[in-house]
Amino acid sequence: HVEGLDHELTPTTGHMADASGREEEERRILQVLCDKTTSSRCFTSNSHIGHDLFLTSCTAPKVVIVFSTSDSLPPGPISSSLQQTSISIDPPDTNYARALWDYDVDGTFELLSASLIGLSARDISYLRQGFVHEWTKRSSSVDSEANELTPISILEPLLKDLESSRSFTQPSRKGGTGG
């Protein structure tokens, strides 16, 4: 599984675009994949056939390589060599996001939904785990800080942590470049 391939390659549009550089990068990636997944020869001993050593050739098992990208790949060596059509996976809708938010058992989903809709299922699940941990920890606290406790005050630092854990070249969910 090759994740975020489009973020590792030279862009094909915008001020950093370099079509010939991008094509060369894609060719090199394909060459490495071909070199590492080509057929190999092996020798097996089949004494039950009556020979001391029976040589047979075999090929390595077929390998499925999955490229995950945030946008469709533009025309080029990789997209033209795909054996299967691309599958587009949309981010969770409101109902699925609510389910990932533990079916809103604590009544916080509606307050936070604007920050959650559009994130991946993995991100929503990660944020939910962090939210529950922090909400439980802070709501059991008896100091003055607990009086200012709101769901958004718990979620905001978790969102910042999530953004900072991403690569600086990965686009943000709002469509710009991350960082």
Any non-hydrogen side-chain atom of [X] less than 4.5 Å from a side-chain atom of [Y]?
X      : Y      : result
Ser115 : Leu159 : yes
His133 : Gln129 : no
Val66  : Ser68  : yes
Val32  : Arg28  : no
Leu112 : Ile154 : no
Asp6   : Phe67  : no

**Request:** Please check if Leu119 and Val132 belong to a single hydrophobic cluster, counting links between Ile, Leu, Val, Met, Phe, Trp and Tyr side chain heavy atoms closer than 4.5 Å.
**Result:**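 Different clusters.
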
**Message:** Starting from Ile152, can I reach Ile124 by hopping between I/L/V/M/F/W/Y residues whose side chains sit under 4.5 Å apart?
**Reply:**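 Yes: a chain of side-chain contacts under 4.5 Å links Ile124 to Ile152.
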
Rounded distance (nearest 0.5 Å) linking atom [atom1] of [X] with atom [atom2] of [Y]:
X      : Y      : atom1 : atom2 : value
Leu155 : Leu116 : CG    : CG    : 5.5 Å
Ser153 : Glu134 : OG    : CD    : 10.0 Å
Ser120 : Leu127 : OG    : CG    : 8.5 Å
Asp35  : Gln31  : CG    : CD    : 4.5 Å
Leu9   : Leu5   : CG    : CG    : 4.5 Å

Write down the atom of [X], the atom of [Y], and the distance for their closest heavy-atom approach.
X      : Y      : value
Thr150 : Trp135 : C-CZ3, 3.8 Å
Ser164 : Asp161 : OG-O, 3.0 Å
Leu82  : Ser86  : CD1-OG, 4.0 Å
Ala121 : Pro92  : N-CG, 3.7 Å
Pro77  : Leu30  : O-CD1, 3.3 Å

**Item:** Residue pair Glu8, Arg22: steps toward the salt bridge (Lys or Arg N to Asp or Glu O under 4.0 Å) verdict
**Value:** CA-CA 10 Å; Glu8 299 299 325; Arg22 168 70 175 249; over 6 Å; no

**Message:** Checking side-chain polar atoms at under 3.5 Å, does Asp123 have a donor or acceptor matched by the opposite partner on Ser125?
**Reply:**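 No - no donor-acceptor pair under 3.5 Å links their side chains.
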
**Message:** Within the 3.5 Å criterion, strictly below it, is a donor on Glu25 or Thr10 matched to an acceptor on the partner's side chain?
**Reply:**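 There is such a pair (donor and acceptor under 3.5 Å, judged by atom type) between the side chains of Glu25 and Thr10.
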
Using residues 99-110 as the side-chain source, report each donor-acceptor pair under 3.5 Å to any protein atom, sequence neighbours left out, with the distance given to one decimal.
{"unit_1": "Trp101", "atom_1": "NE1", "unit_2": "Thr108", "atom_2": "OG1", "d": "2.9"}
{"unit_1": "Asp104", "atom_1": "OD1", "unit_2": "Gly107", "atom_2": "N", "d": "3.3"}
{"unit_1": "Asp104", "atom_1": "OD1", "unit_2": "Thr108", "atom_2": "N", "d": "2.8"}
{"unit_1": "Asp104", "atom_1": "OD1", "unit_2": "Phe109", "atom_2": "N", "d": "2.7"}
{"unit_1": "Asp106", "atom_1": "OD1", "unit_2": "Thr108", "atom_2": "N", "d": "3.2"}
{"unit_1": "Asp106", "atom_1": "OD1", "unit_2": "Thr108", "atom_2": "OG1", "d": "2.7"}
{"unit_1": "Asp106", "atom_1": "OD2", "unit_2": "Arg128", "atom_2": "NH1", "d": "2.9"}
{"unit_1": "Asp106", "atom_1": "OD2", "unit_2": "Arg128", "atom_2": "NH2", "d": "3.3"}
{"unit_1": "Glu110", "atom_1": "OE2", "unit_2": "Arg98", "atom_2": "NH2", "d": "2.2"}

**Message:** Has Thr69 got a side-chain atom pairing as donor or acceptor with Ser72's backbone, closer than 3.5 angstrom?
**Reply:**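 No, because the side chain of Thr69 does not come within donor-acceptor range (under 3.5 Å) of the backbone of Ser72.
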
**Message:** Test your reading of the model: is there a side-chain donor-acceptor pair from Ser79 to the backbone of Pro74, 3.5 Å cut-off?
**Reply:**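 Yes; at least one donor-acceptor contact below 3.5 Å.
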
**Request:** Can you sort out the partners of Arg27 under salt bridge (charged side-chain N to carboxylate O under 4.0 Å, His left out), two or more places apart, ordered by chain and number?
**Result:**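 Partners of Arg27 under the salt bridge (charged side-chain N to carboxylate O under 4.0 Å, His left out) test: Glu23.
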
